[in-house]
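Note sheet for the following structure.
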Amino acid sequence: MSRTLLIADQGKTAIRIAQAAADLGWHPFALRELFEERPPDARRVERHEAGPRNHRHVAAERILWAAARANAGLVHPGRGALSLDAGFARRCARHGLTVIGPPAGVLKIINDRGLVRHLADAVGVPVAPGPSGPVSWDDAEEFLAALRGRAALIRPVSSRGPQGGHVVTGHADLERIHARLTGTGSHPASTEVYIEEFVERARRVEVQIAGDGRQVAHLWERQPFPRRTHRTGWLAPAGGLPASTRFLLLDAALRLADAVAYRGVGTMTFLLTPTRRFYLTGIDPRLHSGHFVTERLAGLDLFATQLRLVRGDTVGDLGLGENLRASLPLPDQTVRDRGGQCRPRGLGNRSNSRRTGGWASG
């Protein structure tokens with residue numbers, strides 16, 4: 001396997017990936033225009049290919065062009081839209097490139113909420129009540145009327161990832177969302193939408209998983225919590241979870257990942273109600289702001305974990321053999337991200353806090 005890695009991202013994410021790749025003896029490089037700034041530690045990104053410069057955002061064609069020019073065999077799509085793009089993964093495969101992340105077939109399921117619901121039903125994981133696939137606007141109005149005053153959540157068919165959506169409680173709300181999604185905007189005009197009952201008073205719980213295509217391990221769960229600033233704080237493991245509920249959540253995540261022979265690092269996102277019922281909302285292959293607390297809790301670099309899994313390492317090689325079980329006892333610490341403190345000190349990472357410690361744990 002080629003050890004030359006193209007990084008299709010920018011800023012701290014690109015530098016974290018480059019550090020992990022260099023530590024494995026790989027040769028990372030990134031497009032110069034993807035870096036908003038060039039901190040001194042970016043020297044670990046060994047080569048930079050400029051490529052055509054008529055756009056700031058690099059399209060798939062330009063990434064493939066740069067990879068061919070540098071004789072790269074690997075592409076890391078970063079944390080943006082490319083990491084969810086099954087078409088991009090297929091194009092890379094046709095050009096002999098290995099994408100860091102799940103294969104195109106898994107990405108196709110992740111991006112189709114109907115397929116995610118079918119997958120969840122097949123393995124016995126609950127989802128919010130609603131149609132199994134996209135429906136017309138007329139059918140959406142009928143479903144909303146059948147809820148008898150309860151709210152519904154609407155998402156355009158073109159949406160990706162487990163987050164987002166529009167909460168509607170009546171005909172006026174539906175008309176407003178219809179006008180927005182069928183006009184000009186960030187989404188293509190939607191003649192069909194996904195709709196499901198809105199889960200009231202629920203909190204989000206995310207289960208981090210890592211799979212090698214044969215076995216899947218969990219790295220426990222985390223939850224976001226609101227702060228007075230615009231930042232979201234994170235807590236790992238999630239607070240106030242009885243052992244029985246935690247077992248069911250972890251077991252559900254493992255069954256979902258096993259069903260698609262998941263390879264890579266990913267997040268299973270659930271909504272948990274005060275009565276301890278939970279519902280799957282989506283599967284996300286990206287690493288985002290909450291992964292820092294999981295890294296601290298599990299003692300793993302998740303960027304390096306992504307690369308090692310693509311290299312062919314198993315979850316056993318990563319030291320996660322015991323994490324195949326949902327009943328694994330919790331670590332004896334709790335990690336809380338207090339608005340930017342929970343960042344590993346290292347290449348290209350600057351703490352947003354003036355305190356000397358980067359972690360808050362107890």
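One is the number of the first residue; the rest follow in order along the sequence. Worth knowing before you read on, the calculation uses all heavy atoms, side chains too, and leaves out hydrogens, waters and symmetry mates.
Smallest separation of non-hydrogen atoms from Leu219 and Ile209: CD1-C, 4.3 Å. Scanning both residues, Ala252 and Phe278, for their nearest heavy atoms gives CB-CE1, 4.0 Å. Between His95 and Leu64, the shortest heavy-atom distance links the atoms CE1-CD1, 4.0 Å. Counting all heavy atoms, side chain and backbone alike, Tyr262 lies closest to Pro102 at OH-CG, 3.3 Å. Taking every heavy atom of both residues into account, Ala253 and Val207 meet most closely at CB-CG1, 3.6 Å. Closest heavy-atom contact between Val125 and Phe270: CG1-CE2, 4.1 Å.
Side-chain contact check for Trp26 versus Ser2: every heavy-atom pair is 4.5 Å or farther apart. When side chains are defined from C-beta on, Arg180 counts as touching His166, because their heavy atoms get closer than 4.5 Å. Counting heavy atoms from C-beta outward, Leu256 and Leu280 have side chains that approach closer than 4.5 Å. In this structure, Ile63 and Leu6 have side chains that are in contact, with non-hydrogen atoms separated by less than 4.5 Å. Residues Val260 and Ile109 form a side-chain contact, since some pair of their non-hydrogen atoms from C-beta on lies under 4.5 Å apart.
The only member of Leu324, Leu318, Asp317 that meets side-chain contact (heavy atoms from CB on, under 4.5 Å) when paired with Leu320 is Leu318.
Side-chain contact of Arg79 with Thr13: a donor-acceptor pair under 3.5 Å is present, judged by distance alone. For the residue pair Gln208 and His218, no side-chain donor N or O sits within less than 3.5 Å of a side-chain acceptor on the partner. Residues Arg203 and Gln223 bring a donor and an acceptor atom of their side chains to less than 3.5 Å of each other. Under 3.5 Å, the side chains of Thr269 and Thr267 contain no donor-acceptor pair of N or O atoms.
At distances below 3.5 Å, not a single donor-acceptor pair connects side-chain atoms of Glu295 with backbone N or O atoms of Asp301. Under a 3.5 Å cut-off, the side chain of Asn111 and the backbone N or O of Leu107 do form a donor-acceptor pair. At distances below 3.5 Å, at least one donor-acceptor pair connects side-chain atoms of Arg117 with backbone N or O atoms of Pro131. Using a distance-only test at 3.5 Å, with no hydrogens or angles considered, no donor-acceptor pair links the side chain of Asp139 to the main chain of Val135. In this structure, Thr245 contributes its side chain and Leu241 its backbone to no donor-acceptor pair below 3.5 Å.
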Checklist entry - Going through the distances and angles, do Asp85 and Arg91 end up as a salt bridge (Lys or Arg N to Asp or Glu O under 4.0 Å)? => result CA-CA 10 Å; Asp85 193 334; Arg91 293 189 64 186; over 6 Å; no
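Among pairs with a residue in residues 114-137, those fulfilling ring pair (Phe, Tyr, Trp, His ring centres under 6.0 Å) read Trp137-His178, at least two apart in sequence or across chains.
A salt bridge does not link Asp258 with Arg255: none of the charged nitrogens is closer than 4.0 Å to a carboxylate oxygen.
In this pair, His76 and Phe303 present their aromatic rings tilted. The plane angle is within the 30 to 60° band.
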